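Reading through the structure tokens given below for one structure.
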Protein chains: 2
Amino acid sequence: MNTQPRLTRNQDMVFRVLVDAKTPLSAYTILDQVREFGIRAPLQIYRALDKLQGWGMVHRLESLNAFIACARADCQRHEMVAFAICDKCRHVSEFSDAQVKAHLDNWVGDKEFLANQTAIEIRGTCRACAR
Amino acid sequence: MNTQPRLTRNQDMVFRVLVDAKTPLSAYTILDQVREFGIRAPLQIYRALDKLQGWGMVHRLESLNAFIACARADCQRHEMVAFAICDKCRHVSEFSDAQVKAHLDNWVGDKEFLANQTAIEIRGTCRACAR
DNA sequence: ATTCTTAATGTTATAGCATTACAGTTTTTT
DNA sequence: AAAAAACTGTAATGCTATAACATTAAGAAT
């Protein structure tokens, strides 16, 4: 988890696209939106995403194969983060629960498992879509 | 979450492969192992996996795009399940933590989010690989 | 038993997601 | 200025998943 320098051109473009979209985007969708600025290949997107993830500015949603900008103004804190993903409108709520983190930490501690990264993704229907 | 009838030929083959492998397998890896029995197309695997997942006999590991047989002898109970995945040896520990479940239920309850399915996947290094 | 209905199968083609390999450029450090 | 490190560009390829359509098998009802 590196410390974050100034963004490069590609990184900045990718990040802006994700910030503007309120919804998760696949790498190829991002690509489509930056083609007009000269980016042509998927790898250019994936490389930028890797860096942005490393800095905690972007999260990968494993169950969607998609990416979303970090919801928190200050992207420095990296506690355990969880997502509630609406399967109807694709809205994503990001939250972090200290108690959930504590319990999982506890479990892996017991097993002497060295946790690196944790994905918690709840799929379902948000309140707005539930009617 | 259907009730489970007797397995069909394809379902049975796919399930056996997953039970024998102690480690998660991709759909295409499964396919390779059942080609000799006449299965030729990915879709045949995916269809069997869908059913097996519906019956709780197989879990999908979202962060690996892979599948694993349920670790519990009795595959009927479907509480919230979590996985600790070793990135070195690919060993997967399946566990379920009532307290984690309670906290997440709590959170989604507050938000009036209708949870359907929850993935909790901890990536890291297991004890055996940590030396 | 024959019909009706539903579920599962087989096959081809295609869509969507991600990485390897290699060459070149820019930026930072010394 | 030279060396090292980070980033970029491009093409090719590999892995994951589904759409569409035709067929077959299995179970239920009369």
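Bear in mind that the values here come from a model prediction, so they are computed numbers and not experimental data. In what follows, every chain begins at residue 1, and chains take the letters A, B, ... in the order their sequences are listed. Values reported hereafter were calculated over all heavy atoms of this structure, with side chains retained and with hydrogens, waters and symmetry mates removed.
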Item to complete: Report the C-alpha separation of B/Asp97 and B/Ile120 in whole Å, then their side-chain angles, then the decisive distance to 0.1 Å, and conclude whether the side-chain contact (heavy atoms from CB on, under 4.5 Å) test is met.
Response: CA-CA 11 Å; B/Asp97 183 318; B/Ile120 303 179; over 6 Å; no
Worksheet entry | Full working for side-chain contact (heavy atoms from CB on, under 4.5 Å) between A/Phe95 and A/Ile122 | CA-CA 11 Å; A/Phe95 65 103; A/Ile122 306 172; 4.2 Å; yes
Practice prompt. Step by step, work out the side-chain contact (heavy atoms from CB on, under 4.5 Å) result for B/His59 and B/Val92.
Written response: CA-CA 11 Å; B/His59 301 294; B/Val92 176; over 6 Å; no
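Side-chain contact between B/Val14 and B/Leu7: absent, with no pair of heavy atoms (C-beta onward) separated by less than 4.5 Å.
With a heavy-atom cut-off of 4.0 Å to chain A, the contacted part of DNA chain D has its first and last nucleotide at D/dC7 to D/dT10.
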Could you pull out every donor-acceptor pair under 3.5 Å between side chains of residues 16-26 of chain B and any protein atom, sequence neighbours left out?
residue: B/Arg16; atom: NE; partner: B/Asp12; partner atom: OD2; Å: 2.8
residue: B/Thr23; atom: OG1; partner: B/Arg90; partner atom: O; Å: 3.2
residue: B/Ser26; atom: OG; partner: B/Tyr28; partner atom: N; Å: 3.4
residue: B/Ser26; atom: OG; partner: B/Thr29; partner atom: N; Å: 3.1
residue: B/Ser26; atom: OG; partner: B/Thr29; partner atom: OG1; Å: 2.9

Can you give me every donor-acceptor pair (side chain of residues 102-113 of chain A, partner residue at least two apart or in another chain, under 3.5 Å) with its distance?
residue: A/His103; atom: ND1; partner: A/Gln99; partner atom: O; Å: 3.0
residue: A/His103; atom: NE2; partner: B/Gln99; partner atom: OE1; Å: 3.1
residue: A/Asp105; atom: OD2; partner: A/Lys101; partner atom: NZ; Å: 2.7

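Among residues two or more places apart in sequence or in another chain, the salt bridge (Lys or Arg N to Asp or Glu O under 4.0 Å) test is passed with B/Glu121 by none. Partners of A/Arg131 by salt bridge (Lys or Arg N to Asp or Glu O under 4.0 Å), not counting sequence neighbours: none found. The salt bridge (Lys or Arg N to Asp or Glu O under 4.0 Å) test applied to B/Arg47 returns no partner, not counting sequence neighbours. A/Arg6 meets the salt bridge (Lys or Arg N to Asp or Glu O under 4.0 Å) test with no other residue; sequence neighbours excluded. Listed by chain and residue number, A/Arg60 satisfy the side chain to side chain donor-acceptor pair (under 3.5 Å) test with A/Asn65 (two or more places apart in sequence, or in another chain). Scored by the side chain to side chain donor-acceptor pair (under 3.5 Å) test, B/Ser96 finds B/Glu79 as partners (sequence neighbours excluded).
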Worksheet item: Where along nucleotides 11-22 of chain C does protein come under 4.0 Å, by heavy atom, of base (B) or sugar-phosphate alone (S), with - for untouched nucleotides?
Response: BB----BBBBB-
At a cut-off of 3.5 Å, list every protein nitrogen or oxygen paired with a nitrogen or oxygen from nucleotides 5-8 of chain C, distance to 0.1 Å.
residue: C/dA8; atom: OP2; partner: B/Lys51; partner atom: NZ; Å: 3.1

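Rounded to 10 degrees, the angle between the two end axes of the helix from C/dA1-D/dT30 to C/dT30-D/dA1 is 40°, with five pairs used at each end.
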